[in-house]
Amino acid sequence: MVDFGAQYAQLIARRVREANVYSEIVPHTWTPEQMLARDPAAIILSGGPSSVYATGAPFVDAALFDAGVPVLGICYGFQAMAQALGGKVAQTGVREYGGTEVEVCSAGALLAGTPATQTTWMSHGDSVHAAPEGFEVLATSSGSPVAAFEDRERRLFGVQWHPEVKHSAHGQTVLEHFLYDGAGLAADWTPDNVIADQVAAIRAQVGDARVVCGLSGGVDSSVAAALVQRAVGDQLTCVFVDHGLLREGEVEQVERDFVAATGVNLVVRDERKRFLNALEGHSDPETKRKIIGREFIRVFEDAARDVVADAGEHGEQVKFLVQGTLYPDVVESGGGEGAANIKSHHNVGGLPDDLKFELVEPLRTLFKDEVRAVGRELGVPEPIVARQPFPGPGLGIRIIGEVTAERLEILRRADAIAREELTRAGLDAEIWQCPVVLLADVRSVGVQGDGRTYGHPIVLRPVSSEDAMTADWTRMPYDVLSAISTRITNEVSEVNRVVLDVTSKPPGTIEWE
Ligand code: XMP
């Protein structure tokens, strides 16, 4: 996938993988030689913000089309391809944006079996007015005389619209036609093949050295650990720091269920007192975050040192550290091969110099949904695999005010109720996450039974999001909200009011601190 700066670049790569074909994103600044050196079985040119007429607009070197590798151009990629091969791209000033009807004039390989008129998602200013020589025009729209074309012999294809976007009615079919029929690829990028490949790669990298992994209880570190365990078994030691800021049941999930399912060697550090002591007297959000991050690094350092010392007694060396780095992190950090990318996530960040580890990153080629599929295949327990995002500082930043053992207990119970009801209502997949926040320094008057109460409010913050960069508050069914509110106020005596946060991001962040 050659990225021309498309907001859709990662989406295209994901859709290709949904067709069970492995894909990688490379920048358009690569030369054809660099791209071909990766030995691609097929190339997709993405859309991009430019006009081919803009000064400095990225262009496609025609040499790319002479290599015998099948190519699909999408939107800008389609126009750049048309131009490079001698077609005509016109600046008509007619923009097509959003849902756009196209008429199929000849289905070819690309549009085979799709309707004669179909809705596609367009976003472009220029349009292709004449296909290059040897190409057959497959479709037209009112603003694009040539809206799709192909040269089956040379295995070159293009569409003006965005097949990766769900609003393009037959988009996935078009992509699959290109991959399977146009490029002759097999649908063999499946979780079990990913596991087999990664197991082999980890074994080759690690040999018989020892490996350490910081487990957070989240999806990424758990699946990474399970993969490494599958590859090198007892050479791996996982360290889990119980900082006391986790939600109900999470420690047990890791200590018991995860170990039972994967057989990893687990060292649990009970550091609840240490974190509470460190947090005592602090209610400023940034100070709390810094304290939690700092303590985390220290504890993990100690734990890693212990593992190293322990291994040393047996004459072995701990040389490797497992990281749950995902593909979007790799792409966003400049991507591609060899780009060092260490998440500043505080469960592993900032290790001291005298602990020199090489990184093992078995998830570097995977998107989040693929990590989940791999985790399921490895038998990682469903509550861990399906976990919604949860901040590293945990409940510590969902208690507005000072963090104390009592307040943590109140929030843990309220949070467990909200999660139970959301799961019961089948909303887990629909909601990105639902922070439950305790306004610990606020009290309000209520009445319960015959008595006056003076309790704390709990805030529900259900949000819908694609990537947590922006979010909207989720319009949850009233009966689910009502069930959560009733149960929390009945079952958590310190809480007498439940309120709903109806702020999008921006302006509000997802978390309150
Ligand atoms: P905000 O509050 O910035 O959150 O809108 C965006 C997403 O990031 C999560 N979050 C964190 N995740 N360490 C993490 O691993 C953190 O310190 C942290 N703070 C926020 C948050 O839950 C949401 O998904």
Under the criterion salt bridge (Lys or Arg N to Asp or Glu O under 4.0 Å), I'd like the reasoning laid out for R407 against D441: C-alpha separation, chi angles, the key distance, then a yes or no. CA-CA 10 Å; R407 289 172 167 187; D441 292 335; 3.1 Å; yes

If you apply the rule salt bridge (Lys or Arg N to Asp or Glu O under 4.0 Å), what do you find for E295 with R298, and how did you get there? CA-CA 5 Å; E295 292 302 313; R298 287 188 185 157; 3.8 Å; yes

side-chain contact (heavy atoms from CB on, under 4.5 Å) between W512 and L439: does it pass, once the steps are laid out? CA-CA 10 Å; W512 270 48; L439 304 186; 3.5 Å; yes

side-chain contact (heavy atoms from CB on, under 4.5 Å) assessment of L408 paired with L245: CA-CA 7 Å; L408 278 169; L245 308 172; 3.9 Å; yes

Could you walk me through whether R487 and E491 pass the salt bridge (Lys or Arg N to Asp or Glu O under 4.0 Å) check? CA-CA 6 Å; R487 277 196 60 198; E491 296 173 33; 2.7 Å; yes

side-chain contact (heavy atoms from CB on, under 4.5 Å) evaluation trace for C213 with V239: CA-CA 6 Å; C213 173; V239 176; over 6 Å; no

List the steps and the verdict of salt bridge (Lys or Arg N to Asp or Glu O under 4.0 Å) for R413 and D415. CA-CA 5 Å; R413 281 184 285 141; D415 173 78; over 6 Å; no

Pair V380-V374, side-chain contact (heavy atoms from CB on, under 4.5 Å): steps then yes or no: CA-CA 9 Å; V380 176; V374 165; over 6 Å; no

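The backbone N or O of E286 sits nowhere less than 3.5 Å from a side-chain atom of E513 that would complete a donor-acceptor pair. Of the possible donor and acceptor atoms, none in the side chain of R247 sits under 3.5 Å from a partner among the backbone N and O of R412. Panel note: side chain S46, backbone F4; a donor-acceptor pair is recorded below 3.5 Å. The backbone N or O of R419 lies less than 3.5 Å from a partner atom in the side chain of T423, making a donor-acceptor pair. Side-chain N or O atoms of S465 include one that pairs as donor or acceptor with a backbone N or O of A468 at under 3.5 Å. Checking side-chain atoms of K505 against main-chain N and O of E511 turns up no donor-acceptor pair under 3.5 Å. Under the 3.5 Å distance criterion, the side-chain polar atoms of D302 are left unmatched by any main-chain donor or acceptor of V299. The main-chain N or O of M476 is never found under 3.5 Å from a side-chain atom of T474 such that the two would form a donor-acceptor pair. At least one donor-acceptor pair closer than 3.5 Å links the side chain of R372 to the backbone N or O of V385. Remark: side-chain polar atoms of N20 are paired, donor with acceptor, to backbone N or O of W189 under 3.5 angstrom.
Side-chain polar atoms of E96 and H124 form a donor-acceptor pair below 3.5 angstrom. With 3.5 Å as the limit, one finds no donor-acceptor pair spanning the side chains of D472 and S464. Between the side chains of N496 and T453, at least one donor-acceptor pair of N or O atoms lies under 3.5 Å. There is a side-chain donor-acceptor pair under 3.5 Å between R497 and S444. In this structure, a donor-acceptor pair under 3.5 Å is absent between the side chains of T120 and T100.
Residues in residues 256-276 take part in these ring pair (Phe, Tyr, Trp, His ring centres under 6.0 Å) pairs, two or more places apart or across chains: H243-F275.
Once rounded to the nearest 0.5 Å, the distance linking OG of S485 with CD of E421 reads 11.0 Å. Taken from CD1 in I195 to CD in Q198, the straight-line distance is 10.0 Å, to the nearest 0.5 Å. Distance check, rounded to the nearest 0.5 Å: CD of E248 to CG of L395 gives 10.5 Å. Interatomic distance, CG of D220 versus CD1 of I384, reported as 12.0 Å (0.5 Å rounding). Atom-to-atom distance recorded for R475:CZ and L481:CG is 12.0 Å, nearest 0.5 angstrom. For the atom pair CD (E382) and CG (D257), the distance works out to 12.5 Å, reported to the nearest 0.5 Å.
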In a table with atom names and distances, give each donor-acceptor pair under 3.5 Å that connects a side chain of residues 430-438 to protein atoms at least two apart or in another chain.
residue, atom, partner, partner atom, Å
Q433, NE2, P389, O, 3.1

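E101 has its side chain out of reach of S141: every pair of non-hydrogen atoms, C-beta onward, lies at least 4.5 Å apart. Between P191 and R376 the shortest side-chain heavy-atom distance does not fall below 4.5 Å. The closest side-chain heavy-atom distance from H456 to V442 is not below 4.5 Å. A 4.5 Å side-chain heavy-atom check between V21 and F178 finds every atom pair outside the cut-off. Using a 4.5 Å heavy-atom threshold, the side chains of I458 and L411 count as touching. Proximity of F390 to L246: side-chain heavy atoms (C-beta onward) are separated by under 4.5 Å at one or more points. Side-chain contact check for P381 versus Q253: every heavy-atom pair is 4.5 Å or farther apart. Residues E402 and E280 are in side-chain contact: their nearest non-hydrogen atoms beyond the backbone lie under 4.5 Å apart.
Across all their heavy atoms, A226 and T262 have their closest contact at CB-CG2, 3.8 Å. For the pair S23 and V16, the tightest heavy-atom approach, listed with the atom from each and the gap, is CB-CG1, 3.8 Å. Across V267 and T237, no two heavy atoms sit closer than the pair CG2-CG2, 3.7 Å. Taking each heavy atom of A440 and I399 in turn, the nearest pair found is CB-CG2, 3.9 Å. Residues P362 and Q323 come closest through the heavy atom pair CD-O, 3.9 Å. Nearest approach of T486 to T489, heavy atoms of both residues: O-OG1, 3.2 Å.
Cation-pi geometry between R452 and Y454 is satisfied (NZ or CZ under 6.0 Å from the ring centre, within 45° of the ring normal). For the pair R269 and F240, the NZ or CZ position fails the cation-pi test of under 6.0 Å to the six-membered ring centre and within 45 degrees of the ring normal.
A ring-centre distance under 6.0 Å is not found for F320 and F357.
By the 6.0 Å contact criterion, CZ on R274 is enclosed, its count of non-hydrogen atoms from other residues, nucleotides or ligands being greater than 12.
Residue W121 forms a ring-ring contact (aromatic ring centres under 6.0 Å, His included) with just one option from H167, H170, H162, and that option is H167.
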